[in-house]
Number of protein chains: 2
Amino acid sequence: MANPFHQHLDELNELLVDMARRVVVAIDRASAALQEGDTAAAEAVVAEDEQVNALQFQIDDRIIELMTQYDAVAADLRFVLGAVRISVDLERMGDLAKHVAKSVLLRAPVPVVPESLRGDFAAMGAAAVRIAEKLVVILAEQDQLRAAQMGLDDDELDAIQERIHAQLPTLGYGPQTAVDAALLARFFERFGDHAVRVSHQVVYAVTGDVHLDRS
Amino acid sequence: MANPFHQHLDELNELLVDMARRVVVAIDRASAALQEGDTAAAEAVVAEDEQVNALQFQIDDRIIELMTQYDAVAADLRFVLGAVRISVDLERMGDLAKHVAKSVLLRAPVPVVPESLRGDFAAMGAAAVRIAEKLVVILAEQDQLRAAQMGLDDDELDAIQERIHAQLPTLGYGPQTAVDAALLARFFERFGDHAVRVSHQVVYAVTGDVHLDRS
């Protein structure tokens, strides 16, 4: 990408990468807060979600600026449409990290996750962080190959969610604990789904193939 | 809207209205299936979600066509960006109706919602259908006033969700029933959230005021 328009597209992409980096921090902190009942970390996640949202406004403004200044060809427009959708998904991933953090705050000082599920949730948190970190690389390098494989990483989150759900009726938890655990597992699972959508958008931006994107 | 470009924007909007109409049918059928354990209706919701997804592809193609053919001014670009986001939210609303339908199928022939929560879920279903119907009007008429009030309609869904959640620990349900009910209530609640987002996009498309849109 060399001409002024493409330089602007690069800058637009930098804003997406910045959003993705903040999402890594958010889900990492939220997962740690969940494991350790750390309310200060949970509060930081809630507070800093504002900055993820603010980046989405910046991206909107940048796109409108770009599109009024330049005549774009179809390939560039695909990239721009992709950027709109990616920012929506990243914003939502930030929200989901915030939901995890809020669950910690809602039940504190009681741990929201019971002892016997702590390991599964640690695994979910680790998988979610790994997925978010991979997303930063995929966006920064427009890495098609890694993007195409994101579904496999997401399968891990789905598998852990199923394992958690399968245990809920049998571990002797009360309904409140079971509901909290089910919703938390769903937040992580949705986090992974949005990462897959972002990855598909990266593929779409380059190939125009949208048919991967929806279920 | 009179010139050829604006006629094309009108056609683009028609596609969004068509999507919204299909979402009304989907959530209406899914809610009825939930009340009556009607697996045929639930299967129809799952099958017809494909058509909602297909409309999103059409909208993408139409936008790229439009943007390569015409030089748009900032106000029109806001409308186009809004259309991208609205199609994402409507697609998701279709998915959520499908999730409700799939819950019915997963537990059939056992009703997924226990007798004592049936009334609350009937109220959630009715509120969701009303919200989706209102969305059709908001989109078709670009009705700012109704759009600005959508948050109030959504408050009703949030209130019923809270009522359902509050009952779960006390009604003596097992964890599986409680988890099913909590997730179902969340599907309806998210359905309402996406309707609010669509409404905010309609306001944004006209006023450029994005600051309503994210939480």
Side-chain angles (χ1 to χ4, degrees), chain A residues 49-50 52-54 56-57 59-61 63-68 70-78 80-85 87-89 91-92 94-95 98 164-165 167-183 185-186 190 193 197 204 208 210-211 213-215, chain B residues 49-50 52-54 56-57 59-61 63-68 70-78 80-85 87-89 91-92 94-95 98 164-165 167-183 185-186 190 193 197 204 208 210-211 213-215:
Chain A
D49 187 53
E50 284 303 309
V52 179
N53 298 349
Q56 201 187 359
F57 298 134
I59 288 167
D60 287 353
D61 292 346
I63 286 173
I64 294 202
E65 247 175 69
L66 257 178
M67 302 304 295
T68 45
Y70 298 96
D71 284 332
V73 298
D76 294 329
L77 287 167
R78 275 203 305 270
V80 172
L81 286 196
V84 175
R85 290 221 189 78
S87 72
V88 171
D89 283 311
E91 189 263 338
R92 187 70 198 144
D95 280 351
K98 188 171 67 172
I164 291 171
H165 272 238
Q167 291 173 72
L168 295 179
T170 62
L171 284 179
Y173 300 131
Q176 183 70 73
T177 303
V179 165
D180 280 349
L183 288 174
R186 182 158 175 85
R190 291 294 307 152
D193 286 348
R197 286 167 64 111
Y204 162 69
V210 294
H211 296 270
D213 191 33
R214 282 141 233 175
S215 60
Chain B
D49 188 52
E50 284 303 310
V52 178
N53 298 349
Q56 200 186 0
F57 297 135
I59 288 167
D60 288 352
D61 293 345
I63 286 173
I64 293 201
E65 247 176 68
L66 258 178
M67 303 302 296
T68 44
Y70 298 96
D71 283 331
V73 298
D76 295 329
L77 287 168
R78 276 204 303 271
V80 172
L81 285 195
V84 175
R85 290 221 190 78
S87 71
V88 171
D89 283 310
E91 190 263 337
R92 188 70 198 144
D95 280 352
K98 190 172 66 173
I164 290 171
H165 272 237
Q167 291 174 71
L168 295 179
T170 62
L171 283 179
Y173 300 131
Q176 183 70 72
T177 303
V179 165
D180 281 349
L183 288 175
R186 182 158 175 86
R190 291 293 308 152
D193 286 348
R197 288 168 62 112
Y204 161 70
V210 294
H211 296 270
D213 191 36
R214 283 142 232 174
S215 61

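Only this structure's heavy atoms are used, side chains among them; waters, hydrogens and symmetry mates stay out. Here is the naming used below: chain letters follow the sequence lines, and residue numbers restart at 1 for every chain.
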Subject >> Reported CD-to-CZ distance for the pair A:Gln56 and B:Arg85, which is rounded to 0.5 angstrom >> reply: 5.5 Å
Original post:
Where do B:Arg197 and A:Glu91 land on the salt bridge (charged side-chain N to carboxylate O under 4.0 Å, His left out) test, with the steps shown first?
Top reply: CA-CA 13 Å; B:Arg197 288 168 62 112; A:Glu91 189 263 338; 3.5 Å; yes
Subject >> Under-4.0 Å salt bridge between A:Asp193 and B:Arg92 >> reply: no
**OP:** To the nearest 0.5 angstrom, please state how far the CZ atom of B:Arg186 sits from the CZ atom of A:Arg186.
**Re:** 7.0 Å
**OP:** Locate the shortest heavy-atom distance separating A:Leu81 from B:Asp60; write the atom from each residue and the value.
**Re:** CD1-O, 4.2 Å
Subject >> Which of A:Val88, A:Val80, A:Val179, A:Leu171 touches chain B most, by non-hydrogen pairs under 4.5 Å >> reply: A:Val179
Original post:
Atom CZ of A:Arg190 and atom CZ of B:Arg190: how far apart are they, to the nearest 0.5 Å?
Top reply: 8.0 Å
Original post:
Highest number of heavy-atom pairs under 4.5 Å with chain A: which of B:Pro175, B:Ala181, B:Ala72?
Top reply: B:Pro175
Original post:
Contact part of A:Ala74 toward chain B, heavy-atom cut-off under 4.5 Å: side chain, backbone, both or neither?
Top reply: both
**OP:** Name the region of A:Val73, side chain, backbone, both or neither, that has any atom closer than 4.5 Å to a heavy atom of chain B.
**Re:** backbone
**OP:** Examine whether an atom of B:Ile63 lies under 4.5 Å from a heavy atom of chain A, and if so say whether it belongs to the side chain, the backbone or both; otherwise answer neither.
**Re:** side chain
Subject >> Min side-chain heavy-atom separation A:His165-B:Leu183 under 4.5 Å >> reply: yes
Original post:
Between B:Val84, B:Asp89, B:Thr170, which residue shows the highest count of heavy-atom pairs closer than 4.5 Å to chain A?
Top reply: B:Val84
Original post:
Rounded to the nearest 0.5 Å, how far does CG of B:Asp180 lie from CG of A:Leu168?
Top reply: 10.5 Å
